[in-house]
Amino acid sequence: QVQLVESGGGSVQAGGSLRLSCATSGYTSSIRNMCMAWFRQAPGKEREGVAFIDKDGSMSSADVVKGRFSISKDAAKNTLYLQMNSLEPEDTAMYYCAATWGWCGSWPLKTVFAFWGQGTQVTVSA
């Protein structure tokens, strides 16, 4: 079993930045062997994929965050990150970290993720 714990959420004004972290623990066998992703869900909306990073480090993201958000991972720390710049009120949501063994595939994500974090809230005010 793999545990994921997100942190770094908060309230910022539009144009601001936040960096989310997702620490992994349990039987990880290193996140080098995992597809990892960030999802978000705003009130009244469906959950949507934000970005993913694959086992080989390749990454992709949703068009709405391209150029503003950046996903990365530190395999030595077994931690996933999401750097969010130029935040907009539309980015307000609960952000979730997800992981699964194997490859992510291509965007849009169709992979079924086995492990999920509890979420961290991001609120962007105008």
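Excluded from the calculations below are hydrogen atoms, water molecules and symmetry mates; all remaining heavy atoms, backbone and side chain alike, are included.
- Heavy atoms only, all atoms of each residue included: Asp74 and Ile31 are closest at O-CD1, 3.9 Å.
- Contact annotation: the side chain of Cys104 approaches that of Phe52 to within less than 4.5 Å [non-hydrogen atoms, C-beta and beyond].
- Closest non-hydrogen pair, Val64 versus Arg68, comes out as O-NH2, 2.9 Å.
- The cluster map of Ile, Leu, Val, Met, Phe, Trp and Tyr, joined by side-chain heavy atoms under 4.5 Å apart, puts Val2 and Leu80 in the same cluster.
- Classification of the Trp116-Phe39 ring pair by plane angle, with boundaries at 30° and 60°, yields tilted.
- The CE atom of Met84 sits 7.5 Å away from the CG atom of Asp91 when rounded to the nearest 0.5 Å.
- No side-chain donor-acceptor contact under 3.5 Å links Gln83 to the backbone of Phe69.
- The main-chain N or O of Gly9 is found under 3.5 Å from a side-chain atom of Thr120 such that the two form a donor-acceptor pair.
- How far OG of Ser61 is from CH2 of Trp107: 6.5 Å, rounded to the nearest 0.5 Å.
- No single ILVMFWY cluster, assembled from side-chain heavy atoms under 4.5 Å apart, contains both Tyr96 and Leu82.
- Side chains of Asn85 and Ser17: a donor on one and an acceptor on the other come within 3.5 Å.
- Follow the hydrophobic side-chain contacts under 4.5 Å out from Val65 and you never reach Met94; the two are in separate clusters.
- Between Ala14 and Ala126 the shortest heavy-atom distance is CB-CA, 4.3 Å.
- Both Val12 and Val122 sit in one connected hydrophobic cluster of ILVMFWY residues. Membership requires side-chain heavy atoms under 4.5 Å apart, directly or through other members.
- Side-chain contact between Val124 and Glu90 is absent, with no heavy-atom pair separated by less than 4.5 Å.
- Within the 4.5 Å cutoff, the side chain of Glu6 has heavy atoms near those of the Trp38 side chain.
- Not one N or O on the side chain of Lys73 forms a donor-acceptor pair closer than 3.5 Å with the backbone of Asn78.
- Across all their heavy atoms, Ala93 and Arg40 have their closest contact at CB-CB, 3.9 Å.
- Using a 4.5 Å cut-off on side-chain heavy atoms (C-beta onward), Tyr81 and Ile71 make no contact.
- With contacts defined as side-chain heavy-atom distances shorter than 4.5 Å, the pair Asp54/Met36 does not qualify.
- Heavy atoms only, all atoms of each residue included: Ala99 and Met34 are closest at CB-CE, 3.7 Å.
- Here OG of Ser72 is found 6.0 Å from CZ of Arg19. Values are rounded to the nearest 0.5 Å.
- In this structure, Cys35 SG and Leu109 CG are separated by 6.0 Å, a value rounded to the nearest 0.5 Å.
- Ionic pairing of Asp56 and Arg32 is not present here: no N-O contact between side-chain nitrogen and carboxylate oxygen is shorter than 4.0 angstrom.
- The 12-atom threshold is not exceeded at NZ of Lys77, counting heavy atoms of other residues, nucleotides or ligands nearer than 6.0 Å.
- Met59 and Trp101 fall within the same hydrophobic cluster, defined by Ile, Leu, Val, Met, Phe, Trp and Tyr side-chain heavy atoms under 4.5 Å apart, directly or through other members.
- For the pair Cys22 and Leu4, the tightest heavy-atom approach, listed with the atom from each and the gap, is SG-CB, 3.9 Å.
- In this structure, Leu87 and Leu18 have side chains that are in contact, with non-hydrogen atoms separated by less than 4.5 Å.
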message = Working note: Gln41 + Tyr95, criterion side chain to side chain contact (heavy atoms under 4.5 Å, CB included); need CA distance, chi angles, decisive distance, verdict.
response = CA-CA 7 Å; Gln41 187 167 20; Tyr95 283 71; over 6 Å; no
